[in-house]
Amino acid sequence: MTFNIQHGIDGTSRYNLQSAIAAIARAQPDIVGLQEVTRNHPFYGCDDQPARLASGVTAATGQAWDVRYQQEWFTPDVSCQQTGRGDGPETEGLAFLTRRGMTSASTTPLPDSRIGLQVAVRDAYGLPVVVTHLTSGGSASGTRRQQIDKLLAWAQSFGQPVVIMGDFNVGPDAAEMQPVFAGFDDGWTGALRAGRATGNANSHGSLRVDYIFFAPGPSLSLDAAEVVNTIALIGVAASDHEPVVASFTVR
């Protein structure tokens with residue numbers, strides 16, 4: 001699953017991290033790549049969101065979930081720490097959440113203060129998984145292309161098979177996305193072609209910007225894909241993005 005949780009803001013514009021927790025717990029993916037995850041942010045209750053997500057999904061499912069978090073940026077705001085509700089400056093970043101066990105994380109810096117974050121899923125034969133969150137905006141095409149070029153070169157260093165997912169902040173027809181489609185298979189398109197795709201492809205309003213790509217091969221095959229309707233799943237939109245899920249067989 002790739003899921004931009006919008007800092008825990010739900011479809012009613014309230015801070016409600018529990019909605020993201022509930023959506024993940026109900027969907028029960030094996031591994032989730034998360035974007036817009038914060039720590040020590042005064043607007044979001046000064047929460048340690050990675051820790052809250054892991055403990056919340058653990059409580060909801062009765063299974064132990066592990067988390068890895070890496071900040072992309074921080075601000076000088078230490079008001080949460082000063083009031084005893086945090087342990088450092090306000091940060092935002094990426095996270096992996098899994099019930100399958102994962103290795104320690106590695107990162108690579110991308111232009112415009114973005115990163116790629118990678119872990120390997122231990123009991124999926126060490127499958128490497130990469131998550132990212134690219135720059136938004138119609139004027140950022142060149143920046144996204146630079147980010148994509150560096151991300152793909154880094155991801156390819158993990159060999160094959162590999163899964164790359166995240167919020168790319170642009171549709172599939174954009175010029176900067178073409179190197180990704182040239183080098184990797186798109187989980188949604190493959191599942192749609194096979195008649196095993198569920199939901200609306202547009203994961204962010206009327207836009208398709210959230211993807212799960214993979215390098216296919218004899219040890220990794222796509223089974224299905226879904227864009228999860230969180231209103232239907234838990235009764236409220238858990239974010240301004242819908243989670244995207246792809247299911248694979250790993251040999």
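None of these values were measured; they are calculated from a predicted model. Residues take their numbers from the sequence shown, with the count starting at 1.
Nearest heavy-atom pair, V130 versus A155, reported as atom, atom and distance to 0.1 Å: CG2-CB, 4.4 Å. Annotation for L134 and F168: closest pair CD1-CD2, 3.4 Å, computed over non-hydrogen atoms. Of all non-hydrogen atoms in A238 and I234, the two that sit nearest each other are CB-CD1, 4.2 Å. Pairing each heavy atom of T132 with each of L94, the nearest pair is CA-CD1, 3.8 Å.
The one candidate from H7, H133, R39, Q71 that meets the side-chain hydrogen bond (donor to acceptor under 3.5 Å, both in side chains) condition with E92 is H7. The only member of V129, V121, V67 that meets side chain to side chain contact (heavy atoms under 4.5 Å, CB included) when paired with F96 is V129.
Note: Y211 and F184 fail the aromatic proximity criterion, with ring centroids not under 6.0 Å apart.
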Could you walk me through whether V250 and L220 pass side chain to side chain contact (heavy atoms under 4.5 Å, CB included), step by step?
CA-CA 5 Å; V250 187; L220 182 71; 3.8 Å; yes
For a side chain to side chain donor-acceptor pair (under 3.5 Å) check, start with the C-alpha distance between E72 and S113, then their side-chain angles and the critical distance, and finish with the verdict.
CA-CA 6 Å; E72 292 182 290; S113 299; over 6 Å; no
For a side chain to side chain contact (heavy atoms under 4.5 Å, CB included) check, start with the C-alpha distance between Q49 and H41, then their side-chain angles and the critical distance, and finish with the verdict.
CA-CA 9 Å; Q49 289 189 344; H41 197 305; over 6 Å; no
Which is it for T12 and R14 under the side chain to side chain donor-acceptor pair (under 3.5 Å) test, yes or no, and what are the steps along the way?
CA-CA 5 Å; T12 67; R14 294 185 308 133; 3.2 Å; yes
I212 vs V163, test: side chain to side chain contact (heavy atoms under 4.5 Å, CB included). Steps then yes/no.
CA-CA 7 Å; I212 299 178; V163 173; 3.8 Å; yes
Starting from the C-alpha separation in whole Å, work towards a yes-or-no answer on side chain to side chain contact (heavy atoms under 4.5 Å, CB included) for T58 and Q63.
CA-CA 5 Å; T58 294; Q63 297 174 299; over 6 Å; no
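To the nearest 0.5 Å, the span separating CG on D186 from CE on M177 amounts to 8.0 Å. In this structure, CZ in R114 is found 10.0 Å from CZ in R144, a value given to the nearest 0.5 Å.
E90 places a side-chain heavy atom less than 4.5 Å from the side chain of P42. Residues P89 and T75 are not in side-chain contact: their nearest non-hydrogen atoms beyond the backbone lie 4.5 Å or more apart. With contacts defined as side-chain heavy-atom distances shorter than 4.5 Å, the pair V244/W188 does not qualify. Between K150 and P109 the shortest side-chain heavy-atom distance falls below 4.5 Å. Residues T230 and E242 are in side-chain contact: their nearest non-hydrogen atoms beyond the backbone lie under 4.5 Å apart. Proximity of L152 to V180: side-chain heavy atoms (C-beta onward) are separated by under 4.5 Å at one or more points. Side-chain atoms of L53 and I5, non-hydrogen and from C-beta on, do get closer than 4.5 Å to each other. Between F3 and S239, the closest side-chain pair of non-hydrogen atoms falls below 4.5 Å.
For the pair R99 (side chain) and P29 (backbone), a donor-acceptor distance under 3.5 Å is present. Between the side chain of R122 and the main chain of M102, a donor-acceptor pair closer than 3.5 Å is present. Checking side-chain atoms of T98 against main-chain N and O of D30 turns up a donor-acceptor pair under 3.5 Å. Listed for the Q147 side chain is a donor-acceptor partner under 3.5 Å among the backbone atoms of P111. With hydrogens and angles ignored, the 3.5 Å screen pairs a side-chain donor or acceptor of Q178 with a backbone N or O of A174. Checking side-chain atoms of S247 against main-chain N and O of D223 turns up no donor-acceptor pair under 3.5 Å. For Q35 (side chain) and N4 (main-chain N/O), a donor-acceptor pair under 3.5 Å exists by modelled atom type. Using a distance-only test at 3.5 Å, with no hydrogens or angles considered, no donor-acceptor pair links the side chain of Q70 to the main chain of L117.
Hydrophobic cluster membership differs between L97 and M165, with clusters built from Ile, Leu, Val, Met, Phe, Trp and Tyr side chains linked at under 4.5 angstrom. Residues V162 and F214 are members of separate hydrophobic clusters, defined by side-chain heavy-atom contacts under 4.5 angstrom among Ile, Leu, Val, Met, Phe, Trp and Tyr. Linking Ile, Leu, Val, Met, Phe, Trp and Tyr residues whenever their side-chain heavy atoms come within less than 4.5 Å places V228 and L17 in a single cluster. The hydrophobic clustering, which links ILVMFWY residues whose side-chain heavy atoms are closer than 4.5 Å, places V119 and Y69 apart. F74 and F43 are not part of a single hydrophobic cluster, where members link through side-chain heavy atoms under 4.5 Å apart.
Between Y15 and Y44, the angle of the ring planes lies from 30° to 60°, which puts this pair in the tilted group.
Side-chain N/O atoms of S19 and D10 include no donor and acceptor closer than 3.5 Å. A donor-acceptor pair shorter than 3.5 Å can be found between the side chains of T135 and D112. For the residue pair Q118 / S106, a side-chain donor-acceptor distance below 3.5 Å is found, with atom types taken as modelled. Checked by atom type, the side-chain pair Q160/S219 shows no donor-acceptor distance below 3.5 Å. A donor-acceptor pair shorter than 3.5 Å can be found between the side chains of N40 and D87.
Contact check on D149 versus R145 returns a salt bridge, with a Lys/Arg side-chain nitrogen under 4.0 Å from an Asp/Glu carboxylate oxygen.
Under a cut-off of 6.0 angstrom, the local environment of OH in Y125 is sparse, with at most 12 non-hydrogen atoms contributed by other residues, nucleotides or ligands.
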